[in-house]
Amino acid sequence: MSIYEELQARGLIAQVTDEAEIRELINNGGARFYIGFDPTADSLHVGHFMALCLMKRLQMAGNRPVVLIGGGTGYIGDPSGRSDMRSMLTPEIIQHNCDCFKKQMERFIEFGEDKALMVNNADWLLDLNYIELLREVGAHFSVNNMLRAECYKQRMEKGLSFLEFNYMIMQAYDFWYLHNNYGCNMEFGGDDQWSNMLAGTELIRRKEGEDAYAMTITLLLNSEGKKMGKTARGAVWLDPGKTSPYEFYQYWRNVDDADVMKCIRMLTFIPLEEIEEMEKWDDSRINEKKEILAYSLTALVHGEEEAAKAKATATAIFSGAGDDANMPSTEIDEADIPEDGIQLADLMVICKLAESKGKAKKLIEQGGVSLDGTKVSDIFAVVSKDMLRASVKIQKGKKVFHKAKIR
RNA sequence: GGGAGAAUUCCCGAGUGGCCAAAGGGAACAGACUGUAAAUCUGUCGUCAGUGACUUCGGUGGUUCGAAUCCACCUUCUCCCA
């Protein structure tokens, strides 16, 4: 099966500018494509991960990827599909974020001669001359059309600044620049990028009279129509310091029944034949599917070893036996513990199991907290220093386990 | 540039001088039921040294015994006119 058909079968393709041409191009390894990443945080998240996977898939099929880091566009902020303005980032933060992205991507995609290439649009966007840009590029854009673009819809009601309105032009400029300087003939991106990407192909057509293509990836939505990869605490990050491999594993282990197969198909590299096979499995094996999903994604992002550890930890915690050495844990300085012990509620705050002491107490009150396997009922319960020296296991609710001990 | 409005706790959104830590909904968290799922029901949902105190209603000042509510200025946004 060729790559285009595979992408299709996995449900990854959302929109394409010209199906026949694109199929031809990527199936024969003739695409030099780029995907842009705006440095809005200091780590990549699940949404980026899909784009990286796509890149990898296409690279394996012989196409040449260009990773575009939005060091320049990061100064503007993409309004697509957003209801509020992005906060403006300072140059220092943008630079820092770019560096973090680069580090994470290097783990995932092969860079080098004839392999993937990484460029930063700060290199060409920051030096643009306003008047020149208006004449060279601005002349080719119809404000009437831009205003009709889907990506601005929401913002037409809530307000859109001129700064953000220009994001599309910058992205189009990127495509044009990469087309001329790196021979890029295709852009990939999330489906919310569609208008911006079309703007790029238009610009290339008008300025160069040449065809360029664009294709978007289906956004990963759960059965409720919400973007996946978000938790109460925010995004699911790829940086193990921000989302530990165990948490990452648990996120996928806990997806809705209705979303498992979709996730497996879209996110993992499990061969389609095997996926077809799994599709036929009996409902009773639903948890097995979730484990496969969680394991293979954790392995992709953090490596086999971490994935195995995460799985072992999960098994240990939820089946009651086995090695729980990798349970999320917090080490506390002995000096921070009073001589006669610390209140469990305080300890929970230190371990970030509760936002405030009051909330911790309420959790205990409601019967949601166990200490070393026994339910705690006293909101003033104290954990002694000796217990902490040995390490205590705190359980919040059914699924959150945490170990605390003195360093 | 002129005129009219808006800004409320994570989000949406009530509240127009004391009865307001602030209705209602959503999200989230916990309990019951389960399969580490969903649905459903129940509870919680500003902070703390837990029947009380303290800090919140865009910002800064002011009026008042008392302000989310009134006044002034500022900031941001929306709409109408140019």
Side-chain angles (χ1 to χ4, degrees), chain A residues 77 79 81-88 152-165 221-236 246-264 281-295 297-298 310-322 324 326-328 338 340 342-346 348-349 351-371 375-382 394-402:
Chain A
R82 287 184 64 100
S83 53
D84 55 343
M85 186 162 123
R86 285 182 192 273
S87 48
M88 283 234 228
Y152 295 129
K153 272 245 172 78
Q154 276 192 41
R155 299 299 294 279
M156 291 309 287
E157 287 156 29
K158 286 244 174 181
L160 175 70
S161 66
F162 186 65
L163 173 83
E164 292 177 282
F165 187 55
L221 302 175
N222 64 18
S223 47
E224 285 164 10
K226 289 190 191 138
K227 263 194 200 183
M228 291 196 67
K230 290 260 159 82
T231 66
R233 272 192 243 154
V236 174
Y246 171 76
E247 286 172 288
F248 187 86
Y249 179 92
Q250 280 300 309
Y251 177 81
W252 298 107
R253 177 62 185 75
N254 282 307
V255 295
D256 283 10
D257 287 6
D259 298 322
V260 186
M261 286 317 294
K262 182 169 58 190
C263 288
I264 289 180
W281 285 6
D282 192 76
D283 279 352
S284 62
R285 294 174 79 182
I286 185 78
N287 282 319
E288 206 176 317
K289 289 180 189 172
K290 292 187 186 181
E291 276 171 22
I292 290 171
L293 171 69
Y295 184 86
L297 288 183
T298 313
K311 187 175 181 180
T313 305
T315 311
I317 289 172
F318 289 100
S319 67
D324 61 5
N326 295 295
M327 185 185 292
D340 47 356
I342 184 170
Q343 277 191 19
L344 177 58
D346 284 318
M348 287 175 69
V349 174
C351 295
K352 299 203 170 72
L353 290 173
E355 283 167 58
S356 67
K357 192 169 178 179
K359 293 205 170 140
K361 283 181 179 169
K362 276 176 187 129
L363 277 171
I364 296 171
E365 207 167 36
Q366 292 184 99
V369 181
S370 296
L371 189 62
K375 191 152 277 189
V376 180
S377 51
D378 176 12
I379 61 170
F380 296 108
V382 170
I394 307 169
Q395 178 184 357
K396 187 195 106 173
K398 272 167 294 197
K399 291 185 237 172
V400 185
F401 294 79
H402 202 96

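The chains referred to below are lettered A, B, ... by the order of the sequence lines, with proteins before strands, and numbering in each begins at 1.
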Check this one for me: any side-chain N or O of [X] less than 4.0 Å away from OP1 or OP2 of [N]?
X	N	result
A:K357	B:A49	yes
A:K362	B:C29	no
A:S356	B:G46	no

>> Checking side-chain polar atoms at under 3.5 Å, does A:Q343 have a donor or acceptor matched by the opposite partner on A:K357?
In response: yes
Under the side chain to side chain contact (heavy atoms under 4.5 Å, CB included) test, residues paired with [X] that sit two or more places apart:
X	result
A:I292	A:I270, A:M278, A:W281
A:I342	A:I337, A:P338, A:D346, A:L347, A:I350, A:V383, A:L388
A:K399	A:N254, A:F318
A:D378	A:F380, A:A381

Let me know the distance between [atom1] of [X] and [atom2] of [N], rounded to the nearest Å.
X	N	atom1	atom2	answer
A:K398	B:A30	NZ	P	8 Å
A:H402	B:U36	NE2	C1'	19 Å
A:K361	B:C48	NZ	P	8 Å
A:N254	B:U34	CG	P	18 Å
A:L363	B:G31	CG	C1'	11 Å
A:I364	B:G50	CD1	P	13 Å

>> Within the 4.0 Å limit for protein heavy atoms, which parts of nucleotides 76-82 of chain B are touched? Write it as a string from 5' to 3', B for base, S for sugar-phosphate only, - for none.
In response: -SS----
>> Let's see if you can work this out: which of B:G43, B:G35, B:G50 has an atom nearest to the side-chain heavy atoms of A:Q366?
In response: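 Shortest atom-to-atom distance from the side chain points to B:G43.
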> Between B:G35, B:U36, B:C33, which nucleotide has the shortest distance from any of its atoms to the side chain of A:D257?
Replying inline: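 From the listed options, B:G35 comes nearest.
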>> Using a heavy-atom cut-off of 4.0 Å across all strands, would you classify A:K359 as base, sugar-phosphate, or nothing?
In response: sugar-phosphate
> Contact class for A:A314 vs. all strands (heavy atom < 4.0 Å): base, sugar-phosphate, or nothing?
Replying inline: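 Answer is base: heavy atoms of A:A314 come under 4.0 Å of a base.
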>> Return whichever of A:Y249 or A:F380 has its heavy-atom-nearest nucleotide of RNA chain B closer to the 5' end.
In response: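 Nearer the 5' end of the strand: A:Y249.
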>> Closest-nucleotide mapping onto RNA chain B: is A:N287 or A:G367 further toward the 5' terminus? I mean the 5' end.
In response: A:G367
> Going by the angle between their ring planes, with limits at 30° and 60°, are A:W252 and A:F248 parallel, tilted or perpendicular?
Replying inline: perpendicular
>> I'd like to check the side chain to side chain donor-acceptor pair (under 3.5 Å) partners of A:D283; sequence neighbours left out, ordered by chain and number.
In response: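 None.
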